[in-house]
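These numbers were taken from a predicted model, which means no experiment stands behind them.
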Amino acid sequence: MIKNLMRGLVPLALVLSPLAAPIPAASAGVQLFPDALAELTEATEDPDGYQESAFPHWDQGLDTADGCDTRAEVLLAEAVEAPATGAGCALTGGRWTSYYDGQAVTDPALLRVDHLVPLAEAWASGASGWTAARRAKYANDQGAAATLTAVTARSLRAKAGQDPAAWVPDGNAAYCRYVGEWVGTKLRWGLSVDKDEMEALKLFADGPCEETVVLRSTAPR
């Protein structure tokens, strides 16, 4: 599976994502991808007991007075061209680019707000031991831009809740951005990685994504 995943990536080894520029070693809040990956804990995943309802979403968002829930606030934040906002935070018009597949979208109803590290993955990687309140914070996390992202429904179906051992976005250096954000999200929330996941991430770290920058942050308690 990992060999198949990496097929076609080597020719892009010198193509870096927007988050892949070299950085000073002393820069606060950022790490190169291999260094960030080394901080993750490897552990066997335990999916038993997962239910989507264990992660209540969407909540009232960062601005409880704007009438928009978290999903709508993510769409507003990620719009390339801002949509019009009507009563009840109904969004019309606007334009987005789904980085999973590079598609331009002009109808917000066609977008899905994805948990970059899926809820089931989070559960199996440590969130099963969290309180319900902490799982709700994870599911609605806007404190780090990578945790939630607006993407096309088609690309979300292709991802199908898989980790980077089985799926990364196609095209250019989108996969370097993705694996960097995956690692950053797992570090932010103290989630582990399983053996296959770690092996796949190491292939990226040792090759095309060596210079990718991971933005570091700490999740709220």
* Asked: Got a donor-acceptor contact below 3.5 angstrom from the R95 side chain to the E81 backbone?
  -> no
* Asked: Donor-acceptor pair, S125 side chain versus E121 backbone, under 3.5 Å?
  -> yes
* Please report the shortest heavy-atom distance between G184 and V214, naming the atom on each side. => CA-CG1, 3.6 Å
* **Nearest-0.5 Å distance that lies between atom OG1 in T44 and atom CG in D194** => 7.5 Å
* Take Y99 and E181, measure what side chain to side chain donor-acceptor pair (under 3.5 Å) needs, and give me the verdict at the end. => CA-CA 12 Å; Y99 91 79; E181 291 180 344; 2.6 Å; yes
* To do: Quick one: do W167 and Y178 satisfy ring-ring contact (aromatic ring centres under 6.0 Å, His included)? Show the steps, please.
  => CA-CA 10 Å; W167 185 90; Y178 183 81; 5.4 Å; yes
* Asked: Would T85 and L91 satisfy side chain to side chain contact (heavy atoms under 4.5 Å, CB included), going step by step from the backbone distance to the final call?
  -> CA-CA 5 Å; T85 306; L91 304 181; 3.7 Å; yes
* Look only at the side chain of N140 and the backbone of D59, and say whether a donor-acceptor pair between them is shorter than 3.5 Å. => yes
* To do: Mark yes when over 12 heavy atoms from residues, nucleotides or ligands other than E52 sit less than 6.0 Å from its CD; otherwise mark no.
  => no
* Structure fact -> On a heavy-atom basis, the closest approach of P34 and A205 is CG-O, 3.7 Å
* Structure fact -> Between C89 and A72, the two heavy atoms sitting closest are SG-CB, 3.7 Å
* Pair W182-L187, side chain to side chain contact (heavy atoms under 4.5 Å, CB included): steps then yes or no -> CA-CA 9 Å; W182 182 278; L187 287 171; over 6 Å; no
* Of all heavy-atom pairs between V74 and A150, which one has the smallest distance, and what is that distance? -> CG1-N, 4.3 Å
* **G180 to T212 - nearest heavy-atom pair and separation** => CA-CG2, 4.3 Å
* Asked: What about Y175 and V117, same hydrophobic cluster or not, with Ile/Leu/Val/Met/Phe/Trp/Tyr joined at side-chain heavy-atom distances under 4.5 Å?
  -> yes
* Spacing of CG belonging to L32 relative to CG belonging to L37, to within rounding of 0.5 Å -> 12.0 Å
* Asked: To the nearest 0.5 Å, what is the distance between CG (L76) and CG (D66)?
  -> 7.5 Å
* Is any side-chain heavy atom of D69 less than 4.5 Å from a side-chain heavy atom of Q60? -> no
* Sidechain-backbone polar pair: S98 side chain, T152 backbone, donor-acceptor under 3.5 Å -> yes
* **Over all atoms of both residues, closest heavy-atom pair of S217 and R188** => OG-NH1, 3.0 Å
* Could you state whether L62 and Y138 fall into the same hydrophobic cluster, counting links through intermediate Ile, Leu, Val, Met, Phe, Trp or Tyr residues with side-chain heavy atoms under 4.5 angstrom apart? => no
* For V151, does its backbone N or O pair with a side-chain atom of R112 as donor and acceptor, under 3.5 Å? -> no
* **Spatial distance of atom OG1 (T185) from atom CG (L191) [nearest 0.5 Å]** => 9.0 Å
* To do: Look up atom CG in L119 and atom CD in Q51, then write down how far apart they are to the nearest 0.5 Å.
  => 12.5 Å
* Mind checking side-chain hydrogen bond (donor to acceptor under 3.5 Å, both in side chains) for T147 and listing every partner two or more places apart, or none if nothing turns up? => D141
* Short question: side chain of E78, backbone of L75 - any donor-acceptor pair under 3.5 Å? -> no
* Verdict with reasoning, Y50 to S128, per side chain to side chain contact (heavy atoms under 4.5 Å, CB included) -> CA-CA 8 Å; Y50 168 71; S128 61; over 6 Å; no
* Asked: From W58 CH2 over to T70 OG1, what is the distance, rounded to the nearest 0.5 angstrom?
  -> 7.0 Å
* Asked: Checking W96 side chain against T106 main chain: does a donor-acceptor pair fall under 3.5 Å?
  -> no
* **Within-4.5 Å side-chain heavy-atom neighbours: W189 and K137** => yes
* Check whether any side-chain heavy atom of V168 lies under 4.5 Å from a side-chain heavy atom of V179, and answer yes or no. => yes
* Step through it carefully: locate the ring centre of W130, locate the ring centre of W123, and say whether they are under 6.0 Å apart. => no
* **pair E45-E197: side-chain heavy atoms closer than 4.5 Å** => yes
* Would you say the side-chain atoms of K186 pair up with the backbone N or O of S192, donor to acceptor, closer than 3.5 Å? -> yes
* Considering residues at least two apart in sequence or located in another chain, which fulfil the side-chain hydrogen bond (donor to acceptor under 3.5 Å, both in side chains) criterion with E39? -> Q31, R216
* To do: Applying side chain to side chain contact (heavy atoms under 4.5 Å, CB included), run through Y100 and D170 and close with a yes or a no.
  => CA-CA 7 Å; Y100 285 4; D170 291 327; over 6 Å; no
* Kindly assign one of parallel, tilted or perpendicular to the pair H57 and H115, based on the angle between their ring planes and the thresholds 30° and 60°. => perpendicular
* Check for a donor-acceptor pair, side chain of E210 on one end and backbone N or O of F33 on the other, with a separation under 3.5 Å. => no
